[in-house]
Amino acid sequence: MEYNRRKFISFLGKASLGAIIAPPFLISCGNNTTPTTLKGDSKENLERLKKVILESLPPSDKDDLLLTKGLDYHTIIKWGDKISNEDTFGYNNDFTCFLPFHEKNPKDGLLWVNHEYINPLFVSNFDFKKHENPFQHRTIEQVDKEMYNVGGTIVRIKEENGKWKIVENDSHNRRITAKTQIPLNWDTPIKEKSTVIGTNSNCSGGITPWNTFLTCEENYDGFFGETEYDKNNIATHRPSKYGWEKFYQYPPEHYGWVVEINPKDGNAQKHVALGRFAHECCTLYELADKRVVAYTGDDSNSEHLYKFISSKPSSLKEGTLYVADTINGKWLPLDWENQPILKATFKNQTEVLIRTREAAKLLGATELNRPEDIEIDPITGNIFISLTNNKDKNDFHGSILKIEEKNGAFDALTFKASTYIAGGEKNGFSCPDNLAFDLSGNLWITSDMSGNAMNREDKPYISFKNNSLFVIQRYGKDAGKVIRVASAPKDAELTGPWFSPDGKTLFLSVQHPGEQTKDKNNPTSKWPFDEDNIPKPAVVAITGDLIEKMNLLNQIEV
């Protein structure tokens, strides 16, 4: 079977809101590690691509967003900016996704941005460290501010004279928050509800072939806690970090799902069939018959990798959820009807999906080191999964896992797993998090070293300094080499890389600068250097000659 790289790149570069006709992700697939043969003058473009010179930035602990030669950036939107007369941009932006209104105009469209979590010190002016019993001093007004600042934002942006700007008060601009009513895409109510209140912990995400956004609820237990079960299946409640359940008694079971957002009207739904756990992302692949395959990982120590295969076209409800046994190369069905061990523990399929982590372990799924972002390689068709780290197992620097589905069939139930590249000083990066392929198939990687571990002599990350953005070039003399192209401000993490359809802009989030601040009057970061001198998460547009050269394949006929 031939892997149709051109079809995949066509989807990456030409999805639009105007004509919802995105082609299949891949109409056929296979593990072909050699780029497709080029025709005509395409060879000349490829030779130009091979000559692209990337200068690697040295590690830096400077409080600024630094870029390598050939790149520049400008801020599109930051925390607190107005998007309409009613709404402002939320906090700690993560995943970004851009859809143009029309295929022929890549410079005008809608930007979706996740808002993962809050820092009460800045968002609600509450300092947990000042109180011996902090929850006695919290107010509902403070919690309401925090609930507003998570979820996501849809905002129209346009590029004019080389700069991306928001279109304030556009009819599409809206917020999805922790108070937005969202139905469950499931026939059975969960905790007696078929519509739940809000979304939170929105980390990474994805895009569907029908041009809607996917946002993933990751560390949901930080807001309303979690229901835990002992060996006798007796449930208890584990309290949350932020204590929202003391003000709003929403069940933890209403969170931890993949959420789909319609960019045109903001309508949302939570997809129960994809399971409940700390979803980092959800990456979809469309089969020739329009059924979809969804890959998603559980970003926690010793958790698992999952795959959903739909049984009906364009459905994220009808189908089967599988969990990976990477040792034996098998996808194990989380199917209550046909798995006796699941029937012995859970009442029905709904309970299996609510308690997905427990079900996966009962089936013997392989424990992985924080599976985070997942992307499909447009050159080979392999699936790449970032495994950030697992300090409990002495894996401090993480790696990128490669999955090769049998015969290149994404709905296959067997596969081969191997390490694509390992983090550490030898390869020059640590703690891989978000991944993105550009239109030439180069792999871009962000890092996720914890703020309390960076730039400390007693931690194994001292040589890497601040979190960074890296690229692995696929062509030329530096093919396979990891090159640092951006360095984040103090305490910050670079997240949500997403290329514009023409490959000329990289949208990127700068998340939680100054996160280690103890005193608002003396923040550890002042980026992006506003007049009020407090750190603000923001989305930037990275442009420049280097970005365009790296995306040359978009101009190549295959």
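Position 1 is the first residue of the sequence, and the numbers go up from there.
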Y306 and F277 aromatic centres sub-6.0 Å: yes
F224/Y255 aromatic ring centres below 6.0 Å: yes
Non-hydrogen atoms of N262 and D265 that approach each other most closely: CB-OD1, 3.2 Å
Cation-pi check, R175 onto Y148 ring (under 6.0 Å, within 45° of axis): yes
D299 vs P371 side-chain heavy atoms within contact, under 4.5 Å: no
Distance-only donor-acceptor check, side chains W79 and N92, under 3.5 Å: no
Residues S300 and D298: side-chain donor-acceptor under 3.5 angstrom: no
Plane angle bin for F410 and Y285 - parallel if under 30°, tilted between 30 and 60°, otherwise perpendicular: parallel
Note: E217-K270 ion pair, threshold 4.0 Å (strictly below): yes
Lys/Arg N to Asp/Glu carboxylate O, E226 vs R276, below 4.0 Å: yes
Atom CG of D289: over 12 foreign heavy atoms under 6.0 Å: yes
Salt-bridge criterion met for D530 and K78 (N-O under 4.0 Å): yes
Heavy-atom check, side chain of I403 versus side chain of L305, under 4.5 Å: yes
Criterion salt bridge (charged side-chain N to carboxylate O under 4.0 Å, His left out) on D144 and K179, from CA distance to verdict: CA-CA 9 Å; D144 285 344; K179 291 196 172 184; 2.7 Å; yes
Distance-only polar pair, side chains of S201 and N219, donor-acceptor under 3.5 Å: no
Distance-only polar pair, side chains of R370 and N389, donor-acceptor under 3.5 Å: yes
N173 versus V155, closest heavy-atom pair with distance: OD1-CA, 3.4 Å
Pair R291, S310: side-chain N/O donor-acceptor within cut-off below 3.5 Å: no
I157 vs F98, side-chain contact (heavy atoms from CB on, under 4.5 Å): CA-CA, chis, key distance, verdict: CA-CA 9 Å; I157 60 173; F98 175 76; 3.7 Å; yes
Side chains of I400 and I445 in contact at under 4.5 Å (non-hydrogen atoms): yes
Separation of Q511 CD from D94 CG (nearest 0.5 Å): 4.5 Å
Smallest separation among heavy atoms of H304 and A360, with atom names: CD2-CB, 3.6 Å
Donor + acceptor pair across side chains of E286, W210 (<3.5 Å): no
K163 and E159: CA distance, side-chain angles, deciding distance, salt bridge (charged side-chain N to carboxylate O under 4.0 Å, His left out) verdict: CA-CA 5 Å; K163 300 288 185 182; E159 193 252 280; over 6 Å; no
Distance in Å, M550 CE paired with N442 CG, rounded so as to fall on 0.5 Å steps: 3.5 Å
Verdict with supporting geometry, K307 and D411, salt bridge (charged side-chain N to carboxylate O under 4.0 Å, His left out): CA-CA 9 Å; K307 176 169 82 169; D411 56 350; over 6 Å; no
From T195 atom OG1 to L184 atom CG, the distance as rounded to the nearest 0.5 Å: 7.0 Å
Gap separating the OG1 atom of T326 from the CH2 atom of W331, nearest 0.5 angstrom: 9.0 Å
Any side-chain heavy-atom pair of D72 and I542 under 4.5 Å: no
Between N93 and T96, a side-chain donor and acceptor under 3.5 Å: no
Heavy-atom closest contact (D377 atom, I379 atom, distance): OD1-N, 2.9 Å
Minimum-distance pair of heavy atoms, taken over all atoms of A436 and F499: CB-CE1, 4.4 Å
Check: W444 ring centre within less than 6.0 Å of F437 ring centre: no
Residues D108, R156: salt bridge by 4.0 Å N-O rule: yes
Close aromatic pair by centroid cut-off 6.0 Å: Y91 and H512: no
Contact summary for P432 and S399, nearest pair of heavy atoms: CG-O, 3.5 Å
Pair W164 + F507: ring centers closer than 6.0 Å: yes
Between CD1 on residue I547 and OG1 on residue T505, distance to nearest 0.5 Å: 8.0 Å
Crowding at NZ, K165 (>12 non-hydrogen neighbours, <6.0 Å): no
Ring centers of F384, Y420 separated by less than 6.0 Å: yes
Interatomic distance, L469 atom CG to L508 atom CG [nearest 0.5 angstrom]: 6.0 Å
Residue pair D491 / S525, side-chain donor-acceptor N/O under 3.5 Å: no
Modelled atom types, side-chain donor and acceptor of E280 and S204, under 3.5 Å: no
Side chains of T215 and N202, donor plus acceptor under 3.5 Å: yes
Parallel, tilted or perpendicular: ring planes of W498 versus F95, cut at 30 and 60 degrees: perpendicular
Residue pair Q349 / W186, side-chain donor-acceptor N/O under 3.5 Å: no
